[in-house]
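See below for the structure under consideration.
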Amino acid sequence: SQLAEENSWALSVHEGESVTVNCSYKTSITALQWYRQKSGKGPAQLILIRSNEREKRNGRLRATLDTSSQSSSLSITATRCEDTAVYFCATDEHYNQGKLIFGQGTKLSIKP
Amino acid sequence: NAGVIQTPRHKVTGKGQEATLWCEPISGHSAVFWYRQTIVQGLEFLTYFRNQAPIDDSGMPKERFSAQMPNQSHSTLKIQSTQPQDSAVYLCASGRDRGDTQYFGPGTRLLVL
């Protein structure tokens, strides 16, 4: 069974707009990570947010974590065409750190 | 820093043949992970090593799949008697330690005919 999942399969916005991808998870975690995967490449980490953190920023990216509702969001502002990719949330397991459990991914398309 | 290196990038095998996939982690990283990605199942954890020792192989199919890390500079994933359902992108990742950022290679796309 999936321990992490994004809430939308696909999103599409125009360049310059903001977009938010949401994720929910089902176990106690030590950290949640957001990855981006472009076509033909492996996933690349965007943000790692630990369970004692509520928000983390990386340039135009902002991740939030709500451990009470077991949910996270990744917001991208001023989107660019190169942000087009599949976005995954991934969690470890509190008592089994190491392996990551990935959600099914949200395909984000940025239209010119 | 070349990142995680995976070879070959593409491999086509006939049903029943053996496939060996190769991963060179980033130098200095103590944790090495293998994942499999398909359209249907998404990204699935297979196994991981820490300081070359196998730590968790809970995602590995019990038959036909095996992984090794004979030294700190490479790991291999071997699939015996390949089946069409083994067709997938196999991704290797490395990290400084468990729980830290995992850096993924480009993957090996395996097609079993």
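Letters go in sequence order (proteins before strands), and every chain restarts at 1.
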Looking only at heavy atoms, which two atoms of A:Lys99 and B:Tyr48 are closest? And how far apart?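 Smallest interatomic distance, heavy atoms only, reads N-CE2, 4.0 Å.
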
Shortest non-hydrogen contact from A:Pro43 toward B:Leu43: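 For A:Pro43 and B:Leu43, the tightest heavy-atom pair comes out as CG-CD1, 4.0 Å.
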
hydrophobic_cluster_shared for [Y] and [X], side chain cutoff 4.5 Å:
X        : Y       : result
A:Leu108 : A:Trp34 : yes
A:Leu74  : A:Ile29 : yes
A:Ile49  : A:Val21 : yes

Residues, nucleotides or ligands: over 12 heavy atoms within 6.0 Å of [X] [atom1]:
X       : atom1 : value
A:Glu82 : CD    : yes
B:Glu44 : CD    : yes
B:Gln17 : CD    : yes

Does any backbone or side-chain atom of B:Arg9 lie under 4.5 Å from a heavy atom of chain A? Answer side chain, backbone, both or neither.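 Side chain of B:Arg9 only, per the 4.5 Å heavy-atom cut-off to chain A.
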
B:Tyr103, part contacting chain A, at a heavy-atom distance under 4.5 Å: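 Neither part, no heavy atoms under 4.5 Å.
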
Please flag which part of A:Leu100 lies under 4.5 Å from any non-hydrogen atom of chain B: side chain, backbone, both or neither.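 Both backbone and side chain.
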
Side chains of B:Gln102 and A:Gln33, donor plus acceptor under 3.5 Å: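 Distance-only check fails for B:Gln102 and A:Gln33.
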
Which residues satisfy the side chain to side chain donor-acceptor pair (under 3.5 Å) test with B:Thr47, sequence neighbours excluded?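 Listed in chain order: nothing, the list is empty.
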
Set of residues satisfying ring-ring contact (aromatic ring centres under 6.0 Å, His included) with respect to A:His14, sequence neighbours excluded: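 Result, ring-ring contact (aromatic ring centres under 6.0 Å, His included) vs A:His14: none returned.
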
Does anything in residues 104-113 of chain B get under 4.5 Å of chain A by heavy atoms, and if so which residues?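 Listed by number, the contacting residues are B:Phe104, B:Gly105, B:Pro106.
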
Nearest 0.5 Å, please: how far is CD in A:Gln45 from OG1 in B:Thr101?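 These two atoms lie 3.5 Å from each other.
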
Which residue pairs pass the salt bridge (Lys or Arg N to Asp or Glu O under 4.0 Å) test when at least one of the two sits in residues 37-54 of chain A, sequence neighbours left out?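 The answer is A:Arg50-B:Asp100, A:Glu53-A:Lys56.
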
